[in-house]
Amino acid sequence: MKHQILVTAGNTWAPLDKVRVITNIFSGETGLTIAHKLAKKGFKVSVLLGDIRINLKKFRHKNLKIIRALTFKAFYKKIKKEVKKQKYSVLIHAAAISDFYLKKPLKGKIKSKKKLKLKLNPTPKIADKIKKWDPDIILIKFKLEADIKKKKLLKTALKSKDSSKANLVIANKLPCKKQHVFYLIKSKKQYVKLKGKKTLAKKLAKILKKELT
């Protein structure tokens with residue numbers, strides 16, 4: 001029986017009205033690169049995919065299934081449903097989830113000529129819910145920061161790993177050079193530096209091949 005893996009990718013939307021949303025700059029490339037590599041290695045992969053800014057065609061594979069959810073609300077419902085099925089051995093949570101949302105999006109289309117004040121609420125941390133929904137799932141999560149030194153990044157990532165009871169955390173930061181740098185962290189003294197999304201995907205495929213066979 002093939003192990004099934006769930007990968008999240010892309011960004012999510014927090015609607016302001018019927019035509020406007022708050023989102024972020026991330027394209028979904030990292031999560032899709034990982035999912036495609038795992039599919040090529042023979043794993044059955046489902047990708048819970050938000051909004052993307054990249055051509056999806058090059059990531060198509062017979063072992064890869066796409067599930068779409070654009071808004072935070074839809075994404076939260078979908079991931080909860082998928083994880084609670086307890087059919088996945090691994091969840092790689094790479095999606096750039098909305099951190100804030102408007103509790104009641106305004107009706108219609110907001111007039112653009114007047115000033116607008118919005119009260120944004122923090123979204124629930126999906127990563128902290130995963131092990132409650134399925135205690136046995138292997139959770140690999142991402143932690144991104146900006147304008148931060150390496151030492152503090154690793155410390156912040158480890159704290160995030162503990163709060164979610166994740167098995168591994170992947171730390172990265174902005175701004176980045178041409179090749180994005182990732183730190184794959186198991187503990188304070190056990191981590192590896194990886195350069196580039198393809199290198200990260202290859203490393204994760206190797207780890208999971210060993211872990212699941």
With a cut-off of 3.5 Å and sequence neighbours excluded, list every side-chain donor-acceptor pair involving residues 179-187.
residue	atom	partner	partner atom	Å
His180	NE2	Asn172	OD1	3.0
Ser187	OG	Gln190	N	3.2
Ser187	OG	Gln190	OE1	3.2

Keeping the roles fixed (side chain from [X], backbone from [Y]), state whether a donor-acceptor pair exists under 3.5 Å.
X	Y	answer
Thr199	Leu194	no
Lys41	Leu208	no
Asp51	Leu70	no

Of all residues at least two apart in sequence or in a different chain, which pass the side-chain contact (heavy atoms from CB on, under 4.5 Å) check with Ile25?
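Partners of Ile25 under the side-chain contact (heavy atoms from CB on, under 4.5 Å) test: Leu174.
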Return the set of residues passing side-chain contact (heavy atoms from CB on, under 4.5 Å) with Glu145 (not counting sequence neighbours), or none when no residue passes.
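With sequence neighbours excluded, Glu145 shows a side-chain contact (heavy atoms from CB on, under 4.5 Å) to Lys143, Ile148, Leu153, Thr156, given in chain and number order.
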With sequence neighbours excluded, what pairs up with Asn11 under the side chain to side chain donor-acceptor pair (under 3.5 Å) test?
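Result, side chain to side chain donor-acceptor pair (under 3.5 Å) vs Asn11: Thr23.
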Output all residues satisfying side chain to side chain donor-acceptor pair (under 3.5 Å) with Asn63, sequence neighbours left out; order by chain, then residue number.
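Side chain to side chain donor-acceptor pair (under 3.5 Å) list for Asn63, sorted by chain: empty.
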Do [X] and [Y] touch side chain to side chain, with heavy atoms closer than 4.5 Å?
X	Y	answer
Ile207	Ile140	no
Asn167	Ile137	no
Ser160	Phe142	no
Lys165	Leu139	no
Phe75	Ile97	yes

Working to the nearest 0.5 Å, report the span between [atom1] of [X] and [atom2] of [Y].
X	Y	atom1	atom2	value
Phe43	Ile5	CZ	CD1	4.5 Å
Lys44	Leu38	NZ	CG	13.5 Å
Lys125	Lys141	NZ	NZ	8.0 Å
Lys193	Leu154	NZ	CG	10.5 Å
Leu48	Ile126	CG	CD1	8.0 Å
Gln4	Lys65	CD	NZ	8.5 Å

Testing the basics here: between [X] and [Y], what is the closest heavy-atom pair and its distance to 0.1 Å?
X	Y	answer
Arg68	Gly50	NH2-O, 2.6 Å
Leu16	Leu102	O-CD2, 3.8 Å
Gly28	Ile52	CA-CG2, 4.3 Å
Ala9	Val47	CB-CG1, 4.2 Å
Ile138	Leu212	CD1-CD2, 4.1 Å
Ser46	Ile67	CB-CD1, 4.3 Å

Does any pair with a residue in [range] pass side-chain hydrogen bond (donor to acceptor under 3.5 Å, both in side chains), and if so which ones, sequence neighbours excluded?
range	result
residues 71-81	none
residues 29-38	Glu29-Lys197
residues 101-112	none

With a 3.5 Å cut-off and sequence neighbours excluded, list the donor-acceptor pairs that the side chains of residues 88-95 form with protein atoms.
residue	atom	partner	partner atom	Å
Tyr88	OH	Glu82	OE1	2.5
Ser89	OG	His3	ND1	2.8
His93	ND1	Thr8	OG1	2.7

Among residues at least two apart in sequence or on other chains, which ones pass salt bridge (charged side-chain N to carboxylate O under 4.0 Å, His left out) with Lys131?
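Salt bridge (charged side-chain N to carboxylate O under 4.0 Å, His left out) check on Lys131 returns nothing, list empty.
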Only pairs at least two apart or in different chains count here, so list each salt bridge (charged side-chain N to carboxylate O under 4.0 Å, His left out) that has a residue in residues 201-213.
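Residue pairs with at least one partner in residues 201-213: there are none.
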Sequence neighbours excluded, every pair satisfying salt bridge (charged side-chain N to carboxylate O under 4.0 Å, His left out) that has a member inside residues 3-25
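Of all non-adjacent pairs touching residues 3-25, those that pass salt bridge (charged side-chain N to carboxylate O under 4.0 Å, His left out) are Asp17-Arg20.
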In one Ile/Leu/Val/Met/Phe/Trp/Tyr side-chain cluster, 4.5 Å: [X], [Y]:
X	Y	value
Phe72	Ile79	yes
Leu106	Phe100	yes
Ile34	Leu49	yes
Leu6	Leu64	no
Leu144	Leu32	no

Are any of the side-chain nitrogens in Lys129 or Asp134 under 4.0 Å away from the carboxylate oxygens of its partner?
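No salt bridge links Lys129 with Asp134.
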Do Thr123 and Asp99 have side-chain N/O donor and acceptor atoms under 3.5 Å apart?
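The criterion, which ignores hydrogens and geometry beyond distance, is not satisfied for Asp99 and Thr123.
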